[in-house]
Amino acid sequence: MSLLEIGGFLLLLMLLMLSGGVWIAMTLAIVGWVGQAFFTSTEPGMNLFTAFWETTASWELAALPLFIWMGEILYRTRLSEQMFDGLAPWLNRVPGRLMHTTILGCGIFGSVSGSSAATCATIAKVALPELERRGYDKGLALGSLSAAGGLGILIPPSITMVVYAVAADASVIRLFLAGFLPGFLLMGLFSGYIAWWSIRHPDRVPPPEAPTTLTEKLRRSGSLIPCGLLIVFIVWVLVSGLATATECAAWGVVGSLAIAAAGRSLTWENFWAGLAGATRISCMIMFILAGAAFLTKTMAFTGIPRELAEFVQSLNLSPFGLIAVLVVIYLVLGTALDGISMIVLTSAVVLPMIQKAGFDLVWFGIFIIMLIEIAEITPPVGFNLFVLQNMTGIDSNRIARMTLPFFACMILAIVLITIFPEIVTSVPNWVMGQEV
């Protein structure tokens, strides 16, 4: 069989298993096993063990359960309800009102966690119950959370950016600086769509609260202070270099417990319930991550990603033709690979092509990161879709349909940074000077 036929067979097998109700992580692992057992000369059993071990035995991944536990604490001790009460009067006249908190929350939390999975899971745990209780459209909330969760890898610090910087021999600091404006651009596009949707569907948005005076707004904003200080503290210790992302996650848990205890909303019952909930969600995410890592090994052994990259090279395209084809190729790879694997498996072939075409490597790094964000919401292996499916019980394909408008916003953002590359390069050039 050709590599194209092998890839098509494995994709069809994955779709059949997912549609049959097989667990997501089991599906990924089984497809990976079949691929290695029948289409490579490697030993699938040993590779399965190493993939699961390498994925879960990670210091960086230790931040994931801690951030999720922080979200559980905020949710179960009603601190999230206080946050929404404090925000409500300020967003009362904005179309979409509290729905914008999903975008803002993912943007802020993404700057701390550096992980799309942690961002999506934590903000979903805090925001979804509160938005649903207040009568907001659940489909719009799920779509916005699925897409905005990807801000965790675009707004620095980002593990994916570090991997790309190593592969491309590019400056990590320049990449971090380059991520800010595209991140704000995406947040603006997402919030713009929410506002437009709310104006078009006023009957599906809860009625505004009664107008409040400035004094009343300031009084109600007092409930934002504890959680606001916690977020500022976490960002400060990370930016100042006093703590790593994992240590920031631990501080977040300690801080949320302290705030809940000070507000007398922390009990042994919700403490253990939050710990159990964080454990379930974390195990689910890690199991899926491990299955995806094993499938990634299979793709690497078959050589399908490299074959696709070499096919693009053989076309001898114009610079913008090359970019257009790479968008399609990375979107296809995103249906079966995680973002870091997409970079590692294709960089040796793609990066020389990009340099020859005259594109800036820092710009291309942000370009790839944004494509990886799209991969996070692309079936059948859209990781944010799986996270929300396991948290809500709603089928991932249905969530994917809810995410389509935000998918279009992400495509628009990629078009904009391609036409106006200064969106990416202006901040690093301003801070560090023009790269020679």
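Treat the numbers as computed from the prediction; the structure is a model and nothing was measured. Numbers for residues simply follow the sequence, beginning at 1. Because only heavy atoms are used, hydrogens play no part in the values below, and waters and symmetry mates are left out as well, while side chains stay in.
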Checklist outcome for this item: Closest non-hydrogen contact found for Cys106 with Ala148 is CB-O, 3.4 Å
Next on the checklist: Has Ser146 got a side-chain atom pairing as donor or acceptor with Leu142's backbone, closer than 3.5 angstrom?
Outcome noted: no
Checklist entry - For the atom pair NZ (Lys297) and OG1 (Thr302), what is the distance rounded to the nearest 0.5 Å? => result 13.0 Å
Checklist entry - With no hydrogens and no angle check, is any side-chain donor or acceptor of Ser318 less than 3.5 Å from a backbone partner on Gly321? => result yes
Item to check | Ile417 side chain reached by Glu422 side chain, heavy atoms, under 4.5 Å | outcome: no
Item to check | Pro182 and Leu154, any side-chain heavy atoms less than 4.5 Å apart | outcome: yes
Item to check | Side chains of Phe9 and Val34 in contact at under 4.5 Å (non-hydrogen atoms) | outcome: yes
Checklist entry - Are the side chain of Ser191 and the backbone of Gly188 linked by a donor-acceptor contact shorter than 3.5 Å? => result no
Next on the checklist: To the nearest 0.5 Å, what is the distance between CE on Met17 and CD1 on Ile30?
Outcome noted: 3.5 Å
Next on the checklist: Test your reading of the model: is there a side-chain donor-acceptor pair from Trp363 to the backbone of Ala178, 3.5 Å cut-off?
Outcome noted: no
Item to check | Heavy-atom check, side chain of Leu412 versus side chain of Leu189, under 4.5 Å | outcome: yes
Checklist entry - Under a 4.5 Å cut-off applied to non-hydrogen side-chain atoms, are Leu131 and Lys138 in contact? => result no
Checklist entry - In terms of ring plane angle, is the pair Phe294 and Trp33 parallel, tilted or perpendicular, where the classes change at 30° and 60°? => result tilted
Checklist entry - Going by heavy atoms in the side chains, are Thr279 and Trp69 under 4.5 Å from each other? => result no
Checklist outcome for this item: Here the gap from Tyr164 atom OH to Leu361 atom CG, rounded to the nearest 0.5 Å, amounts to 4.5 Å
Item to check | Evaluation steps, side-chain contact (heavy atoms from CB on, under 4.5 Å), between Phe406 and Leu140 | outcome: CA-CA 10 Å; Phe406 299 95; Leu140 185 63; 3.8 Å; yes
Checklist entry - With no hydrogens and no angle check, is any side-chain donor or acceptor of His100 less than 3.5 Å from a backbone partner on Pro95? => result yes
Next on the checklist: Determine whether the aromatic ring centres of residues Phe364 and Phe367 are separated by less than 6.0 angstrom.
Outcome noted: yes
Item to check | Atom pair CG/CD1 of Leu326 and Ile354 - distance to nearest 0.5 Å | outcome: 5.0 Å
Next on the checklist: Please give me the minimum heavy-atom distance between Leu181 and Ile423, naming the atom from each residue.
Outcome noted: CB-O, 3.2 Å
Next on the checklist: Between Ile399 and Asp395, is the side-chain contact (heavy atoms from CB on, under 4.5 Å) condition met? List the steps.
Outcome noted: CA-CA 6 Å; Ile399 297 175; Asp395 181 71; over 6 Å; no
Item to check | Greater than 12 external heavy atoms within 6.0 Å of Trp251's CH2 | outcome: no
Checklist entry - Do you know which two heavy atoms are closest between Ala124 and Pro129, and how far apart they sit? => result O-CD, 3.6 Å
Item to check | 4.5 Å side-chain heavy-atom contact, Gln389 and Ile394 | outcome: no
Checklist entry - According to the interplanar angle, ranging from 0 to 90°, do the rings of Trp196 and Tyr193 count as parallel (below 30°), tilted (30 to 60°) or perpendicular (above 60°)? => result tilted
Checklist entry - Going through the distances and angles, do Ser144 and Phe190 end up as a side-chain contact (heavy atoms from CB on, under 4.5 Å)? => result CA-CA 7 Å; Ser144 63; Phe190 292 160; over 6 Å; no
Checklist entry - What are the two closest heavy atoms between Gly135 and Pro206, and how far apart are they? => result O-CD, 3.6 Å
Checklist outcome for this item: Closest non-hydrogen atoms of Leu175 and Val362, given as atom of the first, atom of the second and distance, are CD2-O, 3.7 Å
Item to check | Candidate pair Phe271 and Leu257, rule side-chain contact (heavy atoms from CB on, under 4.5 Å), full reasoning | outcome: CA-CA 9 Å; Phe271 174 86; Leu257 286 172; 3.9 Å; yes
Checklist entry - Out of curiosity, Cys409 SG to Ile194 CD1, how far, rounded to the nearest 0.5 Å? => result 9.0 Å
Next on the checklist: With a 4.5 Å cut-off on side-chain heavy atoms, are Asn429 and Arg174 touching?
Outcome noted: yes
Checklist entry - Just how far is it from atom CG of Leu186 to atom CE of Met370, taken to the nearest 0.5 Å? => result 4.0 Å
Checklist entry - Which atom pair, heavy atoms only, marks the closest approach of Gly183 to Leu151? => result O-CD2, 4.0 Å
Checklist entry - Is a donor on one side and an acceptor on the other found under 3.5 Å between the side chain of Asn270 and the backbone of Leu266? => result no
